[in-house]
Amino acid sequence: MKATQFFSYGAPGVLRLTDVDRPEPGAGQVLVRVGASSVNGHDALLRSGGMKIVSGRRFPIGSGLDFAGVVAATGPGTTRVAVGDAVWGTVHPREKHVVAGAAEYVLVRADRIGPAPAGLSAVEAAALVVPGVTALAALRDATVLTAGESVLVRGAAGGVGTAMVQLAHAFGGRVTALARDRHTKALTDLGATTVVDYRRTAPEDLGPFDVVLDTVGTDLGRYRRRLAPGGRMVTVGLSGPAIAAVAASTVHGSRRIRTFSVNPLTPHLIRLAEQVTAGALRPVIDGVYPLADIAAAHEAFERGGALGKQVVEVSHPA
């Protein structure tokens, strides 16, 4: 089988499509025939060496946090899914994988997949996995958004941002989206009440907001000050300065900056599928690349300025 791996840290060009043995599932495991994977911040950070304190220097390392596809085989004791089921899921984000989601097949624990929503292609499903579970956790768990509240989404045109805009609107929020002005119509169609070009508007000219959702990770203190009394702010764009800002904000009590991580398991994926089926969330895709061109997908992700996700489609020999 073909799998994307890298043998040193660096720019997208370090990614290689290699030949590896197709694994066999053991007890409680599932082998998924991958139809698509997407490019996430985690993938770029891992590839560039930003996670080397966890991933170490033993190569090769596989690329691709998420995937969508069809169950190809199941191991002993796996009864919840069957061969031929359409599924989506993630590899464990804090474990190093020699083969991950950007491959023809991926081996995962059964509790890391869920049934993919009917009617979605593998490309569409892969574009929703990480953004969807992240946005749901931010809105339902971290900030507990209620109908009628005002919401600011920073980085609204990105993969996670477009999911946040849609779900905040579906949950009754009044959404202000920060993005480039060329994305105004698209974000309005996704549910934003107002779209503001962040390059022309200072944080001090915005708000106040009941909820601030940040995917960028910079200037967090300035945006925290746009919170209304009782407001809540979360960030998923964690750089070194962002971590420092989160820690420093604890003196502000309920109006501090919060962060969270999501390790998607079956219940998260089922909850996400329910939102898709209900029409609250749809995929937003900027570009689709063949597996052999995954480096180009990473390059597009790192250029920024896109609307939605970069997705890698996996073709299989007839």
Side-chain angles (χ1 to χ4, degrees), residues 1-23 32 34 36-67 89-109 112 126-127 129-131 133-134 155 158-160 214-218 235-246 259-264 286-306 309-314:
M1 57 172 268
K2 299 290 186 182
T4 303
Q5 298 177 317
F6 53 93
F7 294 78
S8 63
Y9 295 118
V14 302
L15 295 169
R16 298 283 182 267
L17 192 60
T18 60
D19 291 305
V20 300
D21 292 332
R22 194 176 88 172
V32 177
V34 178
S37 178
S38 79
V39 183
N40 298 284
H42 171 277
D43 303 312
L45 191 64
L46 177 66
R47 186 213 71 233
S48 66
M51 296 178 60
K52 66 177 64 173
I53 191 171
V54 176
S55 54
R57 291 190 173 275
R58 295 185 61 184
F59 298 101
I61 298 174
S63 183
L65 177 62
D66 57 31
F67 56 86
T90 67
V91 300
H92 197 297
R94 291 184 294 277
E95 293 178 359
K96 186 177 78 171
H97 301 270
V98 174
V99 174
E104 290 182 333
Y105 292 85
V106 63
L107 184 66
V108 292
R109 295 196 325 247
R112 300 203 65 83
V129 177
V130 170
V133 294
T134 303
V160 174
D214 172 78
T215 73
V216 181
T218 60
T235 181
V236 297
L238 281 184
S239 60
I243 293 172
V246 169
T259 188
F260 64 94
S261 62
V262 184
N263 181 18
D286 180 75
V288 180
Y289 301 79
L291 184 62
D293 288 341
I294 189 171
H298 275 241
E299 289 168 357
F301 173 84
E302 293 189 343
R303 277 196 301 272
K309 295 284 287 181
Q310 310 300 334
V311 181
V312 177
E313 187 170 19
V314 181

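Note that the structure is predicted; figures quoted are calculated from it, not measured.
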Q: CD of Glu299 to CG of Asp293: how many Å apart, nearest 0.5 Å?
A: 9.5 Å
Q: Might you point out which heavy atoms bring Lys96 and Ser55 nearest each other, and give the distance in Å?
A: CD-O, 3.2 Å
Q: Of all residues at least two apart in sequence or in a different chain, which pass the side-chain contact (heavy atoms from CB on, under 4.5 Å) check with Ala36?
A: Ala122, Val123, Ala126, Val311
Q: Looking at Thr18 and Gln5, would you say the former's side chain and the latter's main chain have a donor-acceptor pair under 3.5 Å?
A: no
Q: Rounded to the nearest 0.5 Å, what separation is found between the OG atom of Ser37 and the CG atom of Leu291?
A: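 Spacing of OG (Ser37) from CG (Leu291) equals 8.5 Å.
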Q: So how far is it from Leu17 CG to Ile294 CD1, rounded to the nearest 0.5 Å?
A: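 The CD1 atom of Ile294 is 8.5 Å from CG of Leu17, to the nearest 0.5 Å.
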Q: Between atom OG of Ser63 and atom NE2 of His298, what is the distance when rounded to the nearest 0.5 Å?
A: 4.0 Å
Q: I'd like to know if the side chain of Thr259 and the backbone of Thr235 have a donor-acceptor N/O pair within less than 3.5 Å.
A: yes
Q: Does Pro93 offer a backbone N or O that forms a donor-acceptor pair with the side chain of His42 under 3.5 Å?
A: yes
Q: Could you tell me which non-hydrogen atom of Thr134 sits nearest to which non-hydrogen atom of Val130, and how far apart they are?
A: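 Minimum heavy-atom contact is OG1-O, 2.7 Å.
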Q: Not counting sequence neighbours, which residues clear side-chain contact (heavy atoms from CB on, under 4.5 Å) with Phe301? List them please.
A: Val39, Ala44, Gln310
Q: At their closest point, which heavy atom of Gly62 faces which heavy atom of Ala100, and how far apart are they?
A: C-CB, 3.9 Å
Q: To the nearest 0.5 Å, what is the distance between OH on Tyr9 and CG on Leu45?
A: 10.0 Å
Q: Walk me through whether Phe67 and Val314 qualify under side chain to side chain contact (heavy atoms under 4.5 Å, CB included).
A: CA-CA 10 Å; Phe67 56 86; Val314 181; over 6 Å; no
Q: Report the residues that fulfil ring-ring contact (aromatic ring centres under 6.0 Å, His included) with Phe7, sequence neighbours left out, ordered by chain and then residue number.
A: none
Q: Over all heavy atoms of both residues, which pair between Val133 and Pro264 is shortest? Give the atoms and the distance, please.
A: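 The pair with the smallest heavy-atom distance is CG2-CG, 3.8 Å.
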Q: Once side-chain contact (heavy atoms from CB on, under 4.5 Å) is applied, do any residues pair with Thr215, and if so which ones, sequence neighbours excluded?
A: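 side-chain contact (heavy atoms from CB on, under 4.5 Å) check on Thr215 returns Val160, Met164, Val236.
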Q: So how far is it from Tyr105 OH to Arg22 CZ, rounded to the nearest 0.5 Å?
A: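 The CZ atom of Arg22 is 4.5 Å from OH of Tyr105, to the nearest 0.5 Å.
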Q: Checking the side chain of His97 only, and the main-chain atoms of His92 only, is there a donor and an acceptor separated by less than 3.5 Å?
A: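 Yes; judged by distance alone, with no hydrogens or angles, the pair exists.
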Q: Looking only at heavy atoms, what is the nearest atom pair of Ala103 and Val99, with distance?
A: CB-CG1, 3.8 Å
Q: Would Leu46 and Phe6 count as a side chain to side chain contact (heavy atoms under 4.5 Å, CB included) here? Give the steps.
A: CA-CA 10 Å; Leu46 177 66; Phe6 53 93; 3.9 Å; yes
Q: So does Gly217 get a backbone contact from the side chain of Asp214, meaning a donor-acceptor N/O pair under 3.5 Å?
A: yes
Q: Which residues pass the side-chain hydrogen bond (donor to acceptor under 3.5 Å, both in side chains) test with Lys2, not counting sequence neighbours?
A: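 Asp19.
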Q: What residues form a side-chain hydrogen bond (donor to acceptor under 3.5 Å, both in side chains) with Thr90, not counting sequence neighbours?
A: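 By the side-chain hydrogen bond (donor to acceptor under 3.5 Å, both in side chains) rule, Thr90 matches Arg112.
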Q: Which pair of heavy atoms, one from Pro131 and one from Gly159, lies closest together, and at what distance?
A: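 Shortest heavy-atom contact: CB-O, 3.3 Å.
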Q: Tell me whether Arg16 contacts the main-chain N or O of Gly13 through its side chain, where contact means a donor paired with an acceptor under 3.5 Å.
A: yes
